[in-house]
Number of protein chains: 2
Amino acid sequence: MLHEEVVSRIRAILLDGEIPPGARIPERDLCERLQISRTPLREALKVLAAEGLVQLLPNRGSRAARLTDKDMRDLFEVCQGLEALAGELACERVTEEEIGEIAAAHAAMAHHYRNGDLIQYYRCNRAIHEAIVAAAGNPVLVGLYNSVTARIRRARYVTPMTSDRWALALHEHEAILNALQRRDGVGLSHILRTHLRHKREEVLQAGFAETESGDPTMPPDRARV
Amino acid sequence: MLHEEVVSRIRAILLDGEIPPGARIPERDLCERLQISRTPLREALKVLAAEGLVQLLPNRGSRAARLTDKDMRDLFEVCQGLEALAGELACERVTEEEIGEIAAAHAAMAHHYRNGDLIQYYRCNRAIHEAIVAAAGNPVLVGLYNSVTARIRRARYVTPMTSDRWALALHEHEAILNALQRRDGVGLSHILRTHLRHKREEVLQAGFAETESGDPTMPPDRARV
DNA sequence: ATTCCCTATTTTGCATTCAAAATTAGGAAA
DNA sequence: TTTCCTAATTTTGAATGCAAAATAGGGAAT
């Protein structure tokens, strides 16, 4: 198994919450599960620590990082900036074909909205945001966007919405698609910011931060893998 | 030596160009120099690879990453977005004390400009940009900014300027300081973008990209450490 | 001289090992 | 029972060892 694959697999385990935020990462068990020795596992953990998904505790191993409200706010703030930039660039560079794909994803999303299928709605939603970032044609931007969004993925795409919020979000997405089709970079940038600001408010209101009560320096629970 | 320190030391070696872009990284020699074994060295290299400073070649070790023109353009583009965001946030959050420090750095920079001291000018210049990002009060933003700017540091802060360009840059910096003092987020954001666009043009014009002629898949020179 | 091929050496990637640190478990004292 | 101390166990962090891959070297054939 290649280094990058080890990183991906562990990242998936963390994002799925299989090792919940704050839980200690059991090297031994993970090694057994991935059928690798501790050396490549630990290399991957250091990389994930640099990404912010893992917290390293000197002489005490590593745990799944947990986000405070402040972390969440900071991450959404940067995400807004990145999506705003992506929106502007995308309007300059997006192809007609890409616009077609995004329009199709939007239509599918609207369909799931009408069916009240939040899971599928979020799936399309995420695809749209990622497609806009991809359309910016800047791999560096894609990389940063992925690392930032990975950390807020669960909050962003799991938090339930009130019916009002959901209707507003869909409405905003119509404006997003519209701005993209008109290649109105400034407009797209602006609506994306507003859209993400609303999402952030929802998430923080829902208290999605991953900090539990209690001393964060205390020995964390051990995740069973 | 702590893991993070190993990463920092190797990062410094790469940024100093001591191992030039494209050169193979000699694990053995670096181990000897840092007085560590290959295990922690390789952990650090994987982290630096994730940062984009090192390129991993399966079964063929790692080399110092080299930037193409496209990489340079992409990095500057993202850097513009990050500084623009930082500028906006900084105007909301910067303290009077921080403004004072930035004003002082600006004065020092202007002094070095008048003396024609490019090295010292760039030192102050970089301090100002970093102070604005710091004033945004968003550690996530600082982290991304550092990783992006690390990769373009040499291009950004080494490229010589024509007298016209230099005069323009100083003039832009006056506008930057002014916008910050007026806490004009939109204005600061805008001038920072313009300023960085100019810098990018300079760098690309100077042909600072790190791609050498020849097949990039060929065995690279080995750096002597 | 140049190209090809085969062997010797080096380098890589990972498993294993080992000392140091932390954690756990157990028993004595209050 | 609760608290504190000590010894056994586990876990961590890094060095070492080892097989596989890549590279370098050195003729033989053209």
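Below, read A as the first sequence line, B as the second, and so on, with proteins coming before strands; counting in each chain starts at 1.
Atom CZ in A:Arg42 sits about 18 Å away from atom P in C:dG13, given to the nearest Å. At whole-Å resolution of the value, CG in B:Leu41 and P in C:dC14 are 15 Å apart. The interatomic distance linking B:His3 (NE2) with D:dG13 (C1') rounds to 12 Å, in whole Å. Whole-Å rounding puts the B:Glu32 CD to C:dT11 P distance at 12 Å. We find that CD of A:Glu43 is positioned 13 Å from P of C:dT12, with the value rounded to whole Å. Here C:dT11 presents its C1' atom at 12 Å from CG of B:Asp29, a figure rounded to the nearest Å. Atom C1' of nucleotide D:dA14 and atom CG of A:Leu56 are separated by 15 Å, given to the nearest angstrom. Taking atom CG of residue B:Leu57 and atom P of nucleotide D:dT23, one finds them 9 Å apart after rounding to whole Å.
Under the rule for a side chain to side chain donor-acceptor pair (under 3.5 Å), B:Gln80 has no partner lying at least two apart in sequence or in another chain. Residues meeting the ring pair (Phe, Tyr, Trp, His ring centres under 6.0 Å) test with B:Tyr121, sequence neighbours left out: B:Trp166. In terms of the ring pair (Phe, Tyr, Trp, His ring centres under 6.0 Å) criterion, residue partners of B:His173 (sequence neighbours excluded) are, by chain and number, B:His129, B:His195. In this view, B:Arg126 and B:Glu130 satisfy the side chain to side chain donor-acceptor pair (under 3.5 Å) rule, not counting sequence neighbours.
A salt bridge (Lys or Arg N to Asp or Glu O under 4.0 Å) check over residues 153-162 of chain B, counting only residues at least two apart or in different chains, returns the pairs B:Glu83-B:Arg156, B:Arg154-B:Glu210. For residues 133-144 of chain B, there are no salt bridge (Lys or Arg N to Asp or Glu O under 4.0 Å) pairs, not counting sequence neighbours.
The backbone N or O of A:Glu18 sits nowhere less than 3.5 Å from a side-chain atom of A:Asp16 that would complete a donor-acceptor pair.
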Taking distance alone, no hydrogens or angles, what donor-acceptor pairs closer than 3.5 Å link side-chain atoms of residues 4-12 of chain A to residues at least two apart or in another chain?
unit_1  : atom_1 : unit_2  : atom_2 : d
A:Ser8  : OG     : A:Glu4  : O      : 3.1
A:Arg11 : NE     : A:Glu51 : OE1    : 3.1
A:Arg11 : NH2    : A:Glu51 : OE2    : 2.7

Could you list the donor-acceptor pairs under 3.5 angstrom formed between side-chain atoms of residues 36-46 of chain A and any protein atom two or more places apart in sequence or on another chain?
unit_1  : atom_1 : unit_2  : atom_2 : d
A:Arg38 : NE     : A:Glu27 : OE1    : 2.8
A:Arg38 : NH2    : A:Glu27 : OE1    : 3.2
A:Arg42 : NH1    : A:Glu27 : OE2    : 2.9

Result block: side-chain N/O donor-acceptor pairs under 3.5 angstrom for residues 97-108 of chain A, not counting sequence neighbours:
unit_1  : atom_1 : unit_2  : atom_2 : d
A:Glu98 : OE1    : A:Thr95 : N      : 3.0
A:Glu98 : OE1    : A:Thr95 : OG1    : 3.4

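Taking every heavy atom of residues 44-51 of chain B and every atom of DNA chain D, no pair lies under 4.0 Å.
Side-chain N/O atoms of A:Arg60 include none lying less than 4.0 angstrom from OP1 or OP2 on D:dT12.
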Is there any protein nitrogen or oxygen under 3.5 Å from a nitrogen or oxygen in nucleotides 19-21 of chain D, and what are the pairs?
none

Could you go through nucleotides 15-20 of chain C and list every protein N or O atom that sits under 3.5 Å from one of its N or O atoms, giving the distance for each pair?
unit_1 : atom_1 : unit_2  : atom_2 : d
C:dA15 : OP2    : A:Ser37 : N      : 2.6
C:dA15 : OP2    : A:Ser37 : OG     : 2.2
C:dA15 : O5'    : A:Ser37 : OG     : 3.4
C:dA15 : N7     : A:Thr39 : OG1    : 3.0
C:dT16 : O4     : A:Thr39 : OG1    : 3.3

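One finds no salt bridge joining A:Glu202 and A:Arg197 here, because no Lys/Arg side-chain nitrogen approaches an Asp/Glu carboxylate oxygen to under 4.0 Å.
Within 4.0 Å (heavy atoms only), B:Arg28 reaches sugar-phosphate atoms of the nucleic acid but no base atom.
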